[in-house]
Amino acid sequence: MPVIWLKLVQQLVKALNSDGTPGQVAAGIALGAALGLTPLANLHNLLVLAAIMLLNVSVPGAMLGWVLFTPVGFALDPLFDSVGRWLLLDLEALRPLWEEVANTPVIALANLNNTIVLGSLIVWLLMFAPIYLLARYGVVQYRSRVYQRLRQTRAFQAIQASKLYNLYRLFRPE
Amino acid sequence: MARLIRWKALVPLALALAALAVFWMLYLDLAVERAIEYAGSEIVGARVDVASVDVRLTDGTVVVRGLEVADPDRPMRNLVEAREIVAAVELRPLLEKKLVLDTVAVRGIRFGTPRRESGALERRSGTTGAVYQRVSSWARSIEIPALNLEGLGTVVNLQGLSPDSLKTLARARALGLAVDSLAGTWRAQLASLAPAAELDSARALVTRLREANLRALGIAGARRLLESSRAQAAALENTAERLRALEEEAARGLELARTGLNEVGRAREEDYAYARRLVKLPQLDAPDLSTSLFGEMVLERVRPILYWVHLAERYLPPGLDPRTRVGPKRLRAAGLTVEFPRKETHPPFLLRLAEIDLEIGGRSAVAGRYDGRLEGLTSAPSIYGRPTVVSASWTSSATRGLESGLRVIVDHVSVPVEDSVQLRLRGVVLPAVTVTAVGAQMGLGAGNFSLDLFRRGDQVEGRLLWESRNVSWEPMAGSLARQGDPAAPVGSGAWARALVWRTVSSLRNVEIEARIWGSLSAPRLGLRSNVGQEVSRALRQAIGAEIARAEQRVRAEVDRMVAAQVREAEAKVAELRSLAEGEVARRRAELEGVRQELEAEIRNFARRVLPD
């Protein structure tokens, strides 16, 4: 457990203090939330992962979003299940769409006919903008109020000097 | 302004994806192995083990080695074991998450092999083995009467028979209370309908209309009389309508009461049987004796047949409605996975043709070598459009020339679904049967077995027949007491057991016929055998008269205990009938009479007021 907390702090520090703009960090967090909110081993998360790597967003921000939203995902599974059931079983009008999805090559592999996968994916898409806006506001507030004092601490300097930081620089927002 | 795309991450991303693909390829064999084990366990309700899986996507083949399906009833045995299964897989449907197998070759298939470790599941999900549990629950509900011969020689002691344990009394009491309640309700309704004052008032109006003097009344008085008479007639019509409704309700209630009386009658028959068992008076009818002797054996054979029919029902459903199943096992909640079958697409699962080189080991009824063929096994028969056909024929050189074969047709293309199973085994060594009731092993030797089963919709009808002319009887170790003592006093339990043993052990020809019929969820089971008939004949010949006398005493005692309560219930039902068919009808007839008389006088009066 201590390792997990250490990682969490490390991600938090990196994400919030990276050279990226608050918007880039917030976009990273919003994209990373998909990895935490939806069941991980699914096709859509491969696309999310590619987006995190290719788009000019904060990778530590995405990792932070993943770590932060994983417990939320577990807690909200009953809600995702209800949303998924409603969409897949109750909404007759969507039946042709699901038939098409279930019988289309590759798309069928995305498991969108599972109530948890579909429910969590839809909730994440709906929450994307609010997560982004909240995260950006939080980063702006943090940088203007806390960051200047934090960068003087030894812990922060130790993280900056670590090898991991060098790896991170590869994906640093430009 | 920052650029939107981070181009330098393209290479790491491609490398990551390549690593993922390599990992997936390496993991694929294991993933398929685990999927077979998980899905198999879910269906069977016991462990399904696979030694190895070799997926060759380039060739489009999957080779499964060492498949073992444990028997949920006997975890240390395998229901079925296959040395190697080679399947040719169509690749395009895999992209739609569908499994279409063109051909499957099964080699080294064996049934009933021993296992090295238990096949019981450590943890069951809510749906694991649901079919097996349903069939087991039905089997447990079948009551197989014990062959009890202890009560033959003993004096019938009815002390233990208590009125509280008799169903007749409880049902008669309940019926009496229900009838009282109905009668009370109807009487109250009757009192509120057609009161004497209303009828008297109507009769008075009839007289007034008849004797009315138009000159004295004047136009206004005549109109008032006419209006009040019409209002009275309408009120009577309304009351008559309510009385008719009450009459209909009374007829329905009376029918219920009559059904209740029939149930009391049935309860009395059950009480006779209960009392007979209580005093250990044996049942000498041949069907009951056959059930006591072979009920367990037949149930053991019928259960797997029904299990497979139920399995087909669950996993090969007709129609194109969305189907739900529990989602995949993972750390997160599984949720529901919904399938959306659609015409002119591939079914989620389809096995076009499987050829089976079948060997059934041991000394079971179907031991030997077979060639089998399975065509069109699919999870969506309505999409595939053809029934599943299984056929097997005997190829053993030992029985060449004899007609043995199996043909199964599972037609779930449309509703109502139809299944049929025909199995004929001629001249095979039938497995020995343990006849617990007489403590012996019945060796059926070489004989015939046939199974015919037809299912249409919810209804099932089947017949299993064992025939042998070469039967041997061996007392089971440690159960010699069950064979009785011929020297024991006539009529004693030991004497009766000896008589039964003498009778059965001299039989060389045995025929056992089991029939199942009724609804698939709870079919009925009937048994007939010449062994039961012979035992019944022998016992009746020796002590039939005494048993009949004892049975009469038992019935008389039950009748004595329930007579008063039953008479009371019958009297109440008779009273209810008189109320429903007498009083209610009489009231309605009286009211109808007055109403018609009033309406006739109204018409006459109206003609007098307005002649044309």
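Within every chain, numbering begins at 1; the chains are lettered A, B, ... in the order of the sequence lines, protein sequences first and strands thereafter.
For Leu94(B), the part lying near chain A is the backbone, with the side chain staying farther off; criterion is any non-hydrogen pair under 4.5 Å. In this structure, chain A has no heavy atom under 4.5 Å from any part of Arg325(B). The contact between Arg330(B) and chain A is made entirely by side chain atoms (from C-beta outward), counting heavy-atom distances below 4.5 Å. Looking at Leu46(A), only its side chain comes within 4.5 Å of chain B, counting heavy atoms on both sides. Of the two parts of Leu89(A), only the side chain, counted from C-beta on, holds a non-hydrogen atom closer than 4.5 Å to a non-hydrogen atom of chain B. Looking at Asn103(A), the atoms closer than 4.5 Å to chain B (heavy atoms on both sides) sit in the backbone and in the side chain alike. Thr38(A) touches chain B through its backbone: at least one of N, CA, C or O sits under 4.5 Å from a heavy atom, while the side chain does not.
Put simply, the side chain of Asn114(A) never gets that close to the backbone of Val338(B): no donor and acceptor are under 3.5 Å apart.
Contact annotation: the side chain of Asn56(A) never approaches that of Ile5(B) to less than 4.5 Å [non-hydrogen atoms, C-beta and beyond]. Between Leu88(A) and Phe340(B), the closest side-chain pair of non-hydrogen atoms falls below 4.5 Å. At a threshold of 4.5 Å between non-hydrogen side-chain atoms, the residues Asn111(A) and Lys97(B) count as touching. The closest side-chain heavy-atom distance from Arg95(A) to Pro322(B) is below 4.5 Å. Counting heavy atoms from C-beta on, the side chains of Arg85(A) and Leu336(B) come closer than 4.5 Å.
Atom CZ of Arg136(A) has 12 or fewer neighbouring heavy atoms from other residues, nucleotides or ligands inside a 6.0 Å radius. Summarising the local packing, CH2 of Trp124(A) is surrounded by more than 12 heavy atoms from other residues, nucleotides or ligands at distances under 6.0 Å.
A cation-pi arrangement is found for Arg332(B) relative to Phe74(A), the charged atom lying closer than 6.0 Å to the ring centre and inside a 45° cone about the ring normal.
To the nearest 0.5 Å, atoms CG (Asp77(A)) and CG (Leu331(B)) are separated by 10.5 Å. For the atom pair OG1 (Thr337(B)) and CD1 (Ile116(A)), the distance works out to 9.5 Å, reported to the nearest 0.5 Å.
Nearest heavy atom pair, residue Pro105(A) against residue Arg92(B), reads CG-NH2, 3.7 Å. Of all heavy-atom pairs spanning Ile52(A) and Arg6(B), the tightest one is O-NH2, 2.8 Å.
When the candidates Gly119(A), Ala41(A), Gly73(A), Gly84(A) are compared by the number of heavy-atom contacts under 4.5 Å with chain B, Gly73(A) comes out ahead.
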